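In this text, all values refer to a predicted model and were calculated from it rather than measured experimentally.
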Amino acid sequence: MGLFLLSCRHTPRMITDQRIQELNQPLLNDHQFRLSYAAELLNRQGVNVQALLNQIAAFQVAIPSWALGTGGTRFGRYPGGGEPGSLEDKIADVGLLNRLNRSSNAISLHIPWDIPKDVAALKQLLTQEGLTIDSVNSNTFQDQKEQPLSYKFGSLCHTDEAIREQAIQHNIECIQYGRQLDAQTLTVWLADGANFPGQQHFRRAYQRTADSLAAIYEAMPTDWTMLIEYKPYEPFFYSMVIPDWGTSYSLCQAIGQNAQVLVDLGHHLPNTNIEQIVGRLLHFGRLGGFHFNGSMYGDDDLTTGSTKPFQLFLIFNELVDGALDGAVKNPPVAYMIDASHNTKDPLEDLLQSVQNILTAYAKALLVDRAALADAQESNDVVRAEEILKDAFLTDVRPLVAEAIRQSGGALDPIAAYRREGVRTQLIQQRGKLSLATGL
Ligand code: LRH
Ligand code: MN
């Protein structure tokens, strides 16, 4: 293994496990003080603290390959340098994140941005970095150079059968690439829609999409899952063929048991009650996964939990409640981030997102479910709300830090990342102008 590391032009390990322990040393005292106080409070409430720590430590969030470089908007992009120029570099970057927070042990790929070349070498690198590929994302929202037919007027919904077939074949190709890297999930987000009234026949477009997805599902191995992602607008601004959870859910029901709904937090109209959608999909057993991000207005792809931490907590409250309810028959949920970084270091932004997700989960684990159910069943509105708020207002940071420390990670992942000057090292190795494939 050492030899491989040396011979590989990819980034040598920037932060080793041993270095992380060294960086934790000066923080331990303060940490122990905060932790003992938090633990004592929870002990008094009868909470099994170590069990709680184990649950937090077991929670893993996949990192999107397309968010390791600087994102941009149509108004501009400000690359920060040292971006991963290859899939191998992207895997190394996610490996680094996972060493720091021990909570990011998978990477989501996007095809054709991440077409695997040397599969054997990639699998060895993934093993070495302790990572797996959780999902492959297809892309029929851009025309590739060598592509014979355009997706300008849609892909799986297109009026032209040849274009639908081209898009179906692309998705089947994505499955092949995923199988090479032991993935078992295909994520389908369709940019298909219309900009003007009358432009598209809603029912025909829906049925063509359903038939096309069924053809892809037919080609999917039986141990795979298809995640169907919905979005209310962009890049079309009058209608999208799959605009909401209901449409995605209906397609999943029509296509098959291994088709599930993917909830991207940024894909909701303002003031949508996303936690209720999560509760519904759990009730129907069709909640397939999440694309976590933060948003104020639209598909802003900001840091998860940066603008609406209470909403993120309420979403995890539904997830924990569903997980504890034997009546809920929902397959394992895929937790993934989908964000784009315009003003932050992409790796710091991802570390923040994972911290905020673990924090929301830890708070949701603290909800006194029996008392909440009792308050709900007796319509004691104030008590029900206060029980939720009590958990939300509990400072779980020492618990999240301890869960990461017990897994061998950094007590403060972002401080460790900065302390080691990782971005500077990446720029030295990859150059100021290296650009990552992605949005
Ligand atoms: C669409 C989306 C989808 C990805 C893309 C990168 O807005 O959320 O999940 O394919 O972003
Ligand atoms: Mn998404």
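- In this structure, D244 CG and I277 CD1 are separated by 8.0 Å, a value rounded to the nearest 0.5 Å.
- With D114 contributing its side chain and L87 its backbone, the two residues share no donor-acceptor pair below 3.5 Å.
- Using modelled atom types, one finds a donor on one side chain and an acceptor on the other under 3.5 Å when comparing D264 with N293.
- Side-chain contact check for I315 versus L265: some heavy-atom pair is nearer than 4.5 Å.
- Between F59 and F316, the distance from one ring center to the other falls under 6.0 angstrom.
- Between the Q184 side chain and the W224 main chain, no donor and acceptor come within less than 3.5 Å of each other.
- Sorted by first and then second residue, the salt bridge (Lys or Arg N to Asp or Glu O under 4.0 Å) pairs involving residues 408-422 (not counting sequence neighbours) are R19-E420, E348-R418.
- A distance of 8.0 Å separates SG of C157 from CG of L190, quoted to the nearest 0.5 Å.
- Considering only heavy atoms from C-beta on, R77 comes within 4.5 Å of L435 through its side chain.
- Remark: aromatic rings of F141 and H110 are close, center separation under 6.0 Å.
- Put simply, the side chain of N317 never gets that close to the backbone of A364: no donor and acceptor are under 3.5 Å apart.
- Counting only distance, with no hydrogens or angles, the side chain of D300 and the backbone of G298 share a donor-acceptor pair below 3.5 Å.
- Taking a 6.0 Å sphere around NE2 of H31, one finds it holds more than 12 heavy atoms contributed by other residues, nucleotides or ligands.
- Residues V367 and L388 meet the side-chain proximity criterion, which asks for heavy atoms closer than 4.5 Å.
- The aromatic rings of F292 and F290 lie parallel to each other, with less than 30° between the two planes, well short of the 60° mark.
- Between Y177 and L181 the shortest side-chain heavy-atom distance does not fall below 4.5 Å.
- The minimum heavy-atom distance between P84 and D89, with the atom names listed, is CB-CB, 3.5 Å.
- Side-chain contact, T70 with E83: a donor N or O sits under 3.5 Å from an acceptor N or O.
- Applying the side-chain hydrogen bond (donor to acceptor under 3.5 Å, both in side chains) rule to H268 yields the partners Y230; only residues at least two apart in sequence or on another chain are considered.
- With sequence neighbours excluded, no residue forms a side-chain hydrogen bond (donor to acceptor under 3.5 Å, both in side chains) with H158.
- With hydrogens and angles left out, the side-chain atoms of D338 and W66 include a donor and acceptor closer than 3.5 Å.
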Derivation and outcome, salt bridge (Lys or Arg N to Asp or Glu O under 4.0 Å), residues E386 and R383: CA-CA 5 Å; E386 289 305 313; R383 194 157 67 87; over 6 Å; no
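- Relative orientation of the H267 and W189 rings is tilted, given thresholds of 30° and 60° on the angle between their planes.
- Counting only residues at least two apart or in different chains, salt bridge (Lys or Arg N to Asp or Glu O under 4.0 Å) contacts with residues 164-190 comprise K123-D182.
- Every residue two or more places apart in sequence or in another chain that forms a side-chain hydrogen bond (donor to acceptor under 3.5 Å, both in side chains) with Y151 is listed here: Q166.
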N356 and T359: CA distance, side-chain angles, deciding distance, side chain to side chain donor-acceptor pair (under 3.5 Å) verdict: CA-CA 5 Å; N356 293 348; T359 301; 5.1 Å; no
Derivation and outcome, side chain to side chain contact (heavy atoms under 4.5 Å, CB included), residues N98 and N101: CA-CA 5 Å; N98 191 42; N101 64 22; 4.1 Å; yes
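- A donor-acceptor pair under 3.5 Å is absent between the side-chain atoms of Q147 and the main chain of D143, judged by distance alone.
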Residue pair R102, D17: steps toward the salt bridge (Lys or Arg N to Asp or Glu O under 4.0 Å) verdict: CA-CA 11 Å; R102 302 295 162 153; D17 302 348; 3.1 Å; yes
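- Remark: the T304 side chain and the S353 side chain contain an N/O donor-acceptor pair separated by less than 3.5 Å.
- Not counting sequence neighbours, Y217 has no partner by the ring pair (Phe, Tyr, Trp, His ring centres under 6.0 Å) test.
- With hydrogens and angles ignored, the 3.5 Å screen pairs no side-chain donor or acceptor of N105 with any backbone N or O of L131.
- Without hydrogens or angle criteria, R430 side chain to G85 main chain gives no donor-acceptor distance under 3.5 Å.
- Not a single donor-acceptor pair under 3.5 Å links the side chain of N137 to the backbone N or O of V188.
- Listed by chain and number, the residues in a side-chain hydrogen bond (donor to acceptor under 3.5 Å, both in side chains) with N271 amount to none (sequence neighbours excluded).
- Note that CG of L100 is 7.0 Å distant from CG of L97, once rounded to the nearest 0.5 Å.
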From CA spacing to verdict: side chain to side chain donor-acceptor pair (under 3.5 Å), S108, D134: CA-CA 6 Å; S108 311; D134 79 314; 2.9 Å; yes
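- Residue pairs meeting the salt bridge (Lys or Arg N to Asp or Glu O under 4.0 Å) criterion with at least one member in residues 226-237, sequence neighbours excluded, are K231-E234, K231-D299.
- With rounding to the nearest 0.5 angstrom, the NZ atom of K432 is 11.5 Å from the CG atom of L426.
- Note that the CG atom of L399 and the OG1 atom of T394 stand 9.0 Å from one another [nearest 0.5 Å].
- A heavy-atom distance below 4.5 Å is found between the side chains of R208 and T159.
- Taking the side chain as every heavy atom from C-beta outward, N342 and S340 approach each other to under 4.5 Å.
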Side chain to side chain contact (heavy atoms under 4.5 Å, CB included) assessment of I242 paired with D192: CA-CA 8 Å; I242 312 180; D192 296 11; over 6 Å; no
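- Of the residues listed (D349, D301, T303), the one engaging H341 in a side chain to side chain donor-acceptor pair (under 3.5 Å) is D349, and it is the only one.
- Heavy atoms from other residues, nucleotides or ligands lying under 6.0 Å from CG of L41 number more than 12.
- Surrounding OH of Y37 are at most 12 heavy atoms belonging to other residues, nucleotides or ligands under 6.0 Å away.
- For the ring-ring contact (aromatic ring centres under 6.0 Å, His included) condition, the pairs that include at least one residue of residues 384-428, sequence neighbours left out, are F310-F392, F313-F392.
- Looking only at distances, no side-chain donor or acceptor of N330 sits under 3.5 Å from a matching main-chain atom of V333.
- For the salt bridge (Lys or Arg N to Asp or Glu O under 4.0 Å) test, residues two or more places apart in sequence or in another chain that qualify with D321 are R369.
- Judged by distance alone, with hydrogens and angles left aside, the side-chain atoms of S248 form a donor-acceptor pair with the main-chain N or O of I228 at under 3.5 Å.
- Listed by first and then second residue, the salt bridge (Lys or Arg N to Asp or Glu O under 4.0 Å) pairs that reach into residues 392-408 are D395-R397, E402-R405, sequence neighbours excluded.
- Annotation: Q199, atom CD; neighbour count of heavy atoms from other residues, nucleotides and ligands within 6.0 Å is above 12.
- With sequence neighbours excluded, the residues satisfying salt bridge (Lys or Arg N to Asp or Glu O under 4.0 Å) with D345 are R423.
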